[in-house]
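Notes follow once the structure below has been shown.
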Amino acid sequence: MGVLSEHVIEEIRGLPAQFPDIRSAVMPALDLAQEHVGYLSPEAMSEVAELLKLDPGYVQGVATFYTLFHTEPVGKHRMYLCTNISCKLRGADDLLAHAMQSVGVGGQSEVSADGLFSVEAVECLGACEYAPMMRLDHSYHYDLTAEKIDALIAERKNVLPIHGEVPAKPAEGPPAAPAKPARKRAAAPRKKKADA
Amino acid sequence: MPELRGTTKGPVLTRWFGTDNLHTLDVYEKLGGYGAMRKALTTMNPDQIVQEVKDSGLRGRGGADFSTGVKWSLMPKESALPMHLVVNADESEPGSAKDRYLMENSPHMLLEGIGIAAFAIRSHQAWIYIRGEYDGPYERLVTAIGEMKKKGYIGPKPFGADWPLDVRIFRGHGAYICGEEGALLESLEGKRAQPRAWKPPYPAQKGVWNRPTTVNNVETISTVPWIIENGGAAYAKLGTEKSHGTRMFTVSGHVQRPGNYEMEIGKTYRDLIEGLAGGALPGHTIKAWWPGGSSSPVMPGDLLDTTTDLDGVKNVANLKSHPQPPLNMGGRAFATMGGSGGVIVMDESFCMVKAAHRLLQFYAHESCGKCTPCRVGGNWAVRAYERILSGEGGTEDLGILDRIQDGLQAGRCLCGLGDAAGWVIASTLTHYRSEYEEHALHNVCSAEMAAVNATSPLAGRTNA
Ligand SMILES: Cc1cc2nc3c(=O)[nH]c(=O)nc-3n(C[C@H](O)[C@H](O)[C@H](O)COP(=O)(O)O)c2cc1C
Ligand code: SF4
Ligand code: FES
């Protein structure tokens with residue numbers, strides 16, 4: 001039994017037909033796998049490789065190149081705070097420290113103890129006129145303040161589990177990191193693995 | 001949708017902005033939209049369109065200023081393989097948000113431009129490569145493409161013309177380098193995004209999937225419908241003698257009205273920053289500004305009267321009394337460049353060494369690792385900045401930075417990312433040398449001291 005369910009497998013099988021070359025399907029396929037599993041576990045990546053008849057090393061090489069692919073477990077809700085220049089000029093560093101403290105993570109590779117959040121400092125998100133800003137899951141939030149961040153966190157914490165859905169914990173992988181106080185100095189953006 | 005921040009009812013691109021539901025096909029078409037595509041497909045041939053765009057003088061708005069009409073004319077007139085138009089919607093240049101503004105508010109303007117451009121280069125399939133974080137604009141485009149298909153504007157016979165058109169979207173996954181044309185095509189082919197060493201064959205002969213390909217920026221293509229509707233000559237009347245038309249600027253940072261502004265080329269950065277964007281925050285003065293994203297060399301605050309003319313802005317005579325940084329573009333000295341139009345404004349309360357450090361972190365992080373000066377130099381520079389900022393630096397670190405900037409520029413790297421990293425160091429080190437020296441030699445930050453004494457109007461603003 002693999003980690004990808006039948007409908008995801010079907011969708012991935014349908015991808016190559018949309019492109020002149022099967023390789024072009026690798027990113028959309030990884031995207032579907034990541035949406036389904038929560039992150040790109042080694043199993044998820046090798047299943048994608050098998051479905052597309054590509055070398056697993058190749059698929060992993062692509063996954064590790066792009067920052068939106070997570071090869072480690074992440075929170076159910078992912079906060080991507082822009083810390084590049086326009087946002088930094090308007091206070092992004094303080095907001096990053098605040099967000100990390102509010103959800104109780106000490107670093108960018110940590111997931112909050114309840115499995116709900118991870119926080120990542122990212123490069124310019126192309127909404128500099130609304131700085132400071134962040135992407136939370138699939139939406140942008142503008143003119144951020146500490147209060148706005150707290151409200152967004154509270155909203156997500158207070159959601160009652162939808163029928164049948166278990167409150168989020170990453171599907172598998174290492175246990176969530178214990179809450180630590182946020183670091184004093186804002187962390188630099190997460191490093192891309194240079195030569196995978 | 002959030003509140004619109006920027007020009008509405010501008011001369012070309014934003015002429016209909018601010019109209020309710022402009023993003024829908026109905027509203028766009030009622031205002032006159034799709035008239036240009038209809039005209040192109042039913043009354044013109046591809047060569048006439050290319051000529052019209054050549055006459056307009058339109059130059060690419062993705063940062064390299066290359067003539068759009070000339071680029072299109074490089075495409076073969078006949079090809080055994082399919083040909084592609086690829087729209088660069090990767091917009092990741094720090095300080096640049098104008099492509100998002102255009103796609104979010106007027107997706108049909110881009111799609112109409114795609115219809116015309118694809119026809120002009122004899123392509124039946126266009127791809128939009130959009131950065132993965134742009135969920136909103138992506139949804140807008142998907143919906144808009146659906147509306148077009150319903151009307152038949154995308155399909156086997158758009159406007160009755162015997163010329164099938166297909167438009168597809170490919171989502172990026174977070175990597176600045178995907179904006180570089182060769183890296184973008186690699187990424188579209190499902191590979192790690194690393195720039196290609198372009199020698200012949202060029203993309204027009206052998207681009208994506210080895211097929212003839214033209215890559216254009218979102219703003220470039222969005223301008224095309226206006227040109228076809230009004231004629232190349234009308235567009236050429238706007239702007240200066242050599243840089244025609246209007247362009248979008250994103251103004252961000254320490255200004256009163258950050259936003260995306262459409263302005264006629266040839267006006268000055270003062271018109272933009274102090275006029276449209278409201279100028280410095282109360283009680284502050286503009287210390288520095290970047291004319292075209294973080295990759296354009298920084299300019300001192302007293303040079304706001306610089307022209308936005310694409311050639312004029314590069315003129316070293318603009319620097320007047322300032323020392324000229326050792327900047328090299330294709331073997332030539334230049335002052336700065338219009339780049340992507342992302343204007344970043346910084347006032348006296350922020351430390352230039354810290355700003356430069358942050359930008360070098362960006363370039364080091366986004367280096368694709370293909371060439372040594374860029375892969376190694378960026379990280380090396382970040383470490384020098386860390387030493388300088390932690391009070392452990394010395395004169396030797398300034399020497400190291402100087403050597404690194406030189407090693408990154410002048411064609412020593414495969415793509416412009418390396419040059420840009422070098423330009424950040426060279427331009428900030430020349431114009432703000434005293435700040436570097438205060439940090440490196442005396443462990444003092446005058447900007448921070450000034451900020452402590454001032455009450456800042458921005459909540460949560462720091463100089464960390
Ligand atoms: C590092 C780097 C990043 C770039 N990023 C973008 C981008 O995000 N969007 C864009 O349109 N062009 C970008 N460009 C320029 C493209 O390579 C290319 O010149 C442009 O898309 C061509 O379109 P145009 O002729 O319409 O300007 C970038 C170039 C470099 C070197
Ligand atoms: S200059 Fe940097 S980003 Fe460009 S190809 Fe070389 S290593 Fe890659
Ligand atoms: S710098 Fe933060 S969105 Fe551009």
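Chain A is the first sequence line, chain B the second, and so forth, proteins listed ahead of strands; every chain is numbered from 1.
Within the 4.5 angstrom heavy-atom criterion, only side-chain atoms of I344(B), from C-beta onward, approach chain A. Both the backbone and the side chain of Y134(B) come within contact range of chain A, judged by heavy atoms closer than 4.5 Å. Contact of V62(A) with chain B is made through backbone and side chain together, with heavy-atom distances under 4.5 Å. If you measure heavy-atom distances from R257(B) to chain A, you find no contacts under 4.5 Å at all. Contacts between R5(B) and chain A at a heavy-atom distance below 4.5 Å involve backbone atoms as well as side-chain atoms. Residue contact with chain B, scored on non-hydrogen atoms closer than 4.5 Å, is absent for A131(A).
Between I85(A) atom CD1 and F362(B) atom CZ the span is 11.5 Å, to the nearest 0.5 Å. Taking CZ of R131(B) as the reference point, atom CG of L125(A) lies at 5.5 Å (rounded to 0.5 Å). Rounding to the nearest 0.5 Å gives a distance of 11.0 Å between NE2 of H138(A) and OH of Y138(B). Summarising the geometry, atom CD belonging to E129(A) is positioned 13.0 Å from atom NZ belonging to K98(B); distances are rounded to the nearest 0.5 Å.
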Any chance you could lay out the side chain to side chain contact (heavy atoms under 4.5 Å, CB included) test for T67(A) and H365(B), step after step, and finish with the verdict? CA-CA 10 Å; T67(A) 48; H365(B) 179 246; 4.1 Å; yes
Stepwise side chain to side chain contact (heavy atoms under 4.5 Å, CB included) test for M346(B) and K88(A): CA-CA 11 Å; M346(B) 185 170 116; K88(A) 190 178 171 82; over 6 Å; no
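Under a 3.5 Å cut-off, the side chain of R23(A) and the backbone N or O of K191(B) do not form any donor-acceptor pair. Side-chain atoms of R171(B) do not come within 3.5 Å of backbone N or O of D31(A) as any donor-acceptor pair. Formation of a donor-acceptor pair under 3.5 Å by the Y66(A) side chain with backbone atoms of A193(B) is found in this model.
A salt bridge does not link R358(B) to D93(A): none of the charged nitrogens lies less than 4.0 Å from a carboxylate oxygen.
Comparing S24(A), C128(A), C124(A) by how many heavy-atom pairs each has under 4.5 Å with chain B, the most go to S24(A). Ranked by heavy-atom pairs shorter than 4.5 Å toward chain B, the options Y130(A), Y140(A), Y142(A) are led by Y130(A). Interface summary for chain A: among D99(B), D135(B), V255(B), V251(B), the most heavy-atom pairs under 4.5 angstrom belong to D135(B). Heavy-atom pairs under 4.5 Å with chain A peak, among N260(B), V345(B), V382(B), at N260(B).
A donor and an acceptor atom, one from each side chain of S252(B) and R90(A), are nowhere located under 3.5 Å apart.
Using bins of under 30°, 30° to 60° and over 60° for the plane-to-plane angle, the ring pair F19(A)/W127(B) lands in the parallel bin.
Taking the ring pair (Phe, Tyr, Trp, His ring centres under 6.0 Å) definition, one finds that F69(A) meets it with H173(B), sequence neighbours left out.
Here the closest non-hydrogen pair linking G132(B) and R135(A) is O-NH2, 3.6 Å.
Other residues, nucleotides and ligands contribute only 12 or fewer heavy atoms inside 6.0 Å of the CD atom of E50(A).
A heavy-atom distance below 4.5 Å is found between the side chains of L68(A) and E133(B).
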